[in-house]
Amino acid sequence: YKMADWKNDREAHYLIADELDTPLARAVLESPADGPTCQLRLLEGDGQELAKHEVLQLVPMSGSSPPLSGKVVRSRGRQIVLEKKGMPLAELRRNLRIPVAFHSFIYPLTGRWKGRRTILSEDISCGSIAFYCEEALEDGEELEVVVPVCSQPLILRAQVLRTRLTGGRVPLYACKFLELLPEEESMVREAVFGIQLKNRHLEA
């Protein structure tokens, strides 16, 4: 694994979170992941602020990179060095749902209906989406949903898990994504974490 390879590899992108799974910043790993320490370049945030945390989690934006955990031992601008501490902590909960509203479309896969239907999203996670749809959908049916909040719009296969009626309003459908490709999962994860970070900065 050559240095030039991992330096330019998208898989070297990590999300940094605290012990409570709160996203703090994104970073690029600039050293091999298997040593006692690792060097990172922050894409936003401040190294001095990160150094105040006892333990940080490094969650890979791609599933093939290892999750890491540790403490900042050196900070200079947006360059930080993390000393690994024990076993890596659990990856951020895949099903942590982030409220986000966007208009989009769904397309049928199971043949009950044809054409396309308009939806309004309620929330999204790395493995699921919930949306409002005026037309009735059945639990268990499969469909394609256009997700426009990624770096490029994705058409993802999904299955309706359950329906919730909202007091006379349009029904809310909870769906899980099916058979995500690694590239698709990475793009959804990056979008979800980006929304988390944006919401956090707006609240600050």
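As a basis for the values below, the full set of heavy atoms in this structure was taken, side chains included, without hydrogen atoms, waters or symmetry mates.
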Is the closest side-chain heavy-atom distance between V146 and Y107 below 4.5 Å? yes

Interatomic spacing from CD in E44 to CZ in R78 - rounded to 0.5 Å: 7.0 Å

Criterion side chain to side chain contact (heavy atoms under 4.5 Å, CB included) on K85 and E54, from CA distance to verdict: CA-CA 10 Å; K85 299 276 187 183; E54 189 61 34; 5.8 Å; no

Side chains of E141 and W113: closer than 4.5 Å at any heavy-atom pair? yes

Measuring from Q79:CD to L40:CG, what's the distance to the nearest 0.5 Å? 8.5 Å

Can you run down the salt bridge (charged side-chain N to carboxylate O under 4.0 Å, His left out) pairs that involve residues 125-139, sequence neighbours left out, and say none if there aren't any? R112-E138

Nearest 0.5 Å, what's the OG-NE2 distance between S121 and H103? 8.5 Å

To the nearest 0.5 Å, what is the distance between OH (Y14) and CZ (F193)? 12.5 Å

Would you give the length of the straight line joining atom CG of L137 to atom CD1 of I106, rounded to the nearest 0.5 angstrom? 4.5 Å

Pairwise distance CG(L154) to CE(M187) - rounded to 0.5 angstrom: 4.0 Å

Is there a side-chain contact between L82 and V72 in this structure, where contact means two heavy atoms from C-beta onward sitting under 4.5 Å apart? yes

Is any side-chain heavy atom of V170 less than 4.5 Å from a side-chain heavy atom of L120? no

State which residues pass salt bridge (Lys or Arg N to Asp or Glu O under 4.0 Å) with E144; sequence neighbours excluded, sorted by chain then number. none

Determine whether S75 and L50 make a side-chain contact, defined as any pair of heavy atoms from C-beta on separated by less than 4.5 Å. no

Can you list the residues that meet the salt bridge (Lys or Arg N to Asp or Glu O under 4.0 Å) rule with K114, with sequence neighbours excluded? none

Close side-chain approach of H13 to R26, heavy-atom, < 4.5 Å: no

Could you check whether any side-chain heavy atom of S125 comes within less than 4.5 Å of a side-chain heavy atom of F177, counting everything from C-beta outward? no

Given side chains that start at C-beta, do those of L156 and I129 come closer than 4.5 Å, heavy atoms only? no

